[in-house]
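The structure under discussion appears below in the form of structure tokens.
Note that this is a predicted model, so its numbers are computed, not measured.
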Amino acid sequence: MQNDPSSTNGRPLSPTEYMWITPEEKAAGIDRKLKVAAHRYLCPTCGREFSLFQSRAVACKYCPKASSRCPYVRCPYCDNEFPIDGFIVPEGQKQDQRIMQDYADEQMNKWAETYNRR
């Protein structure tokens with residue numbers, strides 16, 4: 001199925017392109033941004049899989065840029081950084097990059113406020 005995140009083989013996804021969302025996912029509040037952020041990407045350095053959420057919550061946890069539109073994603077296993085542009089979202093899609101930076105920041109800030117982690 002084209003544009004289904006489960007069949008992307010780790011390639012960048014666009015939160016603005018069509019993506020299959022089941023009725024159950026819709027009912028649970030899952031949208032395209034969440035699917036892109038939770039999608040597993042393959043680290044080109046160490047070969048391990050990780051998501052944008054995992055990167056921000058683990059590898060970028062204490063970095064002051066982690067919740068301020070950081071243009072990078074960091075592998076939580078080998079600690080190498082890669083640009084979001086071309087790794088998480090398709091290369092050259094600045095709007096997609098901004099959407100995902102803002103979404104990740106918003107979710108990490110919600111988590112921090114909920115669990116008093118500031």
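With contacts defined as side-chain heavy-atom distances shorter than 4.5 Å, the pair Pro12/Ile88 does not qualify. By the 4.5 Å heavy-atom criterion applied to side chains, Cys60 and Ser55 are counted as neighbours. Between Lys35 and Leu13, every side-chain heavy-atom pair lies at or beyond the 4.5 Å cut-off. Proximity of Arg74 to Phe50: side-chain heavy atoms (C-beta onward) are nowhere separated by under 4.5 Å. The side-chain heavy atoms of Cys75 and Thr45, taken from C-beta on, include no pair separated by under 4.5 Å. With a 4.5 Å cut-off on side-chain heavy atoms, Tyr103 and Leu34 count as touching. Side-chain contact check for Tyr77 versus Gln54: some heavy-atom pair is nearer than 4.5 Å. A 4.5 Å side-chain heavy-atom check between Pro71 and Pro83 finds every atom pair outside the cut-off.
No side-chain donor-acceptor contact under 3.5 Å links Glu91 to the backbone of Asp85. Looking only at distances, a side-chain donor or acceptor of Arg40 sits under 3.5 Å from a matching main-chain atom of Glu49. Counting only distance, with no hydrogens or angles, the side chain of Thr114 and the backbone of Lys110 share a donor-acceptor pair below 3.5 Å. Remark: side-chain polar atoms of Arg69 are not paired, donor with acceptor, to backbone N or O of Gln101 under 3.5 angstrom.
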Output, in order, the C-alpha distance, side-chain angles, deciding distance and verdict of side chain to side chain contact (heavy atoms under 4.5 Å, CB included) for Val73 and Tyr41. CA-CA 11 Å; Val73 61; Tyr41 297 92; over 6 Å; no
Before giving the answer on side chain to side chain contact (heavy atoms under 4.5 Å, CB included), spell out for Trp20 and Thr22 the whole-Å C-alpha distance, their side-chain angles and the decisive distance to 0.1 Å. CA-CA 7 Å; Trp20 179 259; Thr22 67; 3.4 Å; yes
Can you check side chain to side chain contact (heavy atoms under 4.5 Å, CB included) on Val36 and Leu52, steps first, answer last? CA-CA 8 Å; Val36 173; Leu52 177 60; 5.9 Å; no
Should Asp102 and Arg98 be marked as a side chain to side chain contact (heavy atoms under 4.5 Å, CB included) after you check the CA-CA gap, both sets of side-chain angles, and the distance that decides it? CA-CA 6 Å; Asp102 289 347; Arg98 184 63 152 273; 3.9 Å; yes
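The local environment of CD in Glu25 is crowded, with over 12 non-hydrogen atoms from other residues, nucleotides or ligands closer than 6.0 Å. No more than 12 heavy atoms of other residues, nucleotides or ligands lie within 6.0 Å of OH in Tyr72, so this atom counts as exposed by the packing criterion.
Closest approach of Pro76 and Ala59 over heavy atoms only: CA-CB, 3.7 Å. When all heavy atoms of Ile84 and Cys70 are compared, the pair lying nearest together is CD1-O, 3.6 Å.
Between atom CD1 of residue Ile30 and atom CD1 of residue Ile21 there is a gap of 8.0 Å, rounded to the nearest 0.5 Å. We find the OG-CZ distance between Ser14 and Arg32 to be 8.0 Å, quoted to the nearest 0.5 Å. With values rounded to the nearest 0.5 angstrom, Glu81 atom CD is found 7.0 Å from Cys63 atom SG. For the atom pair CE of Met100 and OG1 of Thr16, the computed distance is 11.0 Å after rounding to the nearest 0.5 Å. How far CE of Met108 is from NZ of Lys61: 11.0 Å, rounded to the nearest 0.5 Å.
Between Phe87 and Phe82, the ring planes are parallel. Angles under 30° get that label, and only those over 60° would be called perpendicular.
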